[in-house]
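For reference, the structure is listed below as structure tokens.
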Amino acid sequence: MSHPLIPQIINFATPIAESLGLELVGAVFHTNQHPPVLRLDIRNFHQDTGLDDCERMSYAIEESLDAANIISEPYLLEISSPGISKFLDNDRDFIAFKGFSVTVNTSEPYKGKNQWIGQLVGRDQTAIYINQKGRQVTIPRSLIMTVELQEGR
């Protein structure tokens, strides 16, 4: 369960991240640590997220977050990159992992199956395309719950 301040922090931090060409992809407030730690995960829209992106976000948000007084007690601010997620969820992921093995899970059976495994060919507005043993399979996006990278394949 996330901390009750997280939605307010996300609403506050998202426009700041976007103004820097970054995406806020997550926020966690660890109140079980002393002092508590607020971690914001960011991703660069245009390139691999680097230390300079984390520094830019830290400088941009630090003073304004304190001034907004959303968190009334002393805390540590950490800005980090979420790293590579095993779930593909944006256009950049689908481009970067083209040709990789993926598992596509559907919300309801499609052609009798809820799970499809194959090499990622791509996606468009209507479908995700995978290659299964030389045959392209088209899965409607409206049925897709998750697209997950296969480990070690």
Is there a path of hydrophobic side-chain contacts, each under 4.5 Å between heavy atoms of I/L/V/M/F/W/Y residues, joining Tyr75 to Ile70? yes
From Leu88 CG over to Thr103 OG1, what is the distance, rounded to the nearest 0.5 angstrom? 10.5 Å
Treating Thr14 as the side-chain partner and Ile10 as the backbone partner, does any N or O pair qualify as donor plus acceptor under 3.5 Å? yes
Could you measure the distance from the CG atom of Leu24 to the CZ atom of Phe12? Nearest 0.5 Å is fine. 12.0 Å
Check: Leu20 main-chain N/O paired with Arg56 side-chain donor or acceptor under 3.5 Å: yes
Side-chain contact test, heavy atoms from C-beta onward, threshold under 4.5 Å: evaluate it for Val147 versus Trp116 and give yes or no. no
Is there a donor-acceptor pair under 3.5 Å between the side chain of Asn11 and the backbone N or O of Gln8? no
Could you tell me whether a side-chain N or O of Gln132 sits under 3.5 Å from a main-chain N or O of Ile117, the two making a donor and an acceptor? yes
Please check if atom CD in Gln33 has more than 12 non-hydrogen atoms from other residues, nucleotides or ligands closer than 6.0 Å. yes
Side chain to side chain, Glu73 and Pro35, heavy atoms closer than 4.5 Å: no
Nearest heavy-atom contact between Thr106 and Lys113 is OG1-O, 3.6 Å
Asp41 vs Arg43, salt bridge (charged side-chain N to carboxylate O under 4.0 Å, His left out): CA-CA, chis, key distance, verdict: CA-CA 7 Å; Asp41 292 332; Arg43 184 178 308 163; over 6 Å; no
Looking at every non-hydrogen atom in both residues, tell me the closest pair between Ser64 and Ala60 and how far apart they are. OG-O, 3.5 Å
Residues in ring-ring contact (aromatic ring centres under 6.0 Å, His included) contact with Phe29, at least two apart in sequence or another chain: His3
Within-4.5 Å side-chain heavy-atom neighbours: Ile61 and Leu77: yes
So which heavy atom on Asp53 is nearest to which on Ile42, and how close? O-CD1, 3.6 Å
On a heavy-atom basis, which atom in Phe94 and which in Leu120 lie closest, and how many Å separate them? O-CD2, 3.7 Å
Nearest heavy atoms of Asp124 and Arg141, plus distance in Å: O-NH1, 2.7 Å
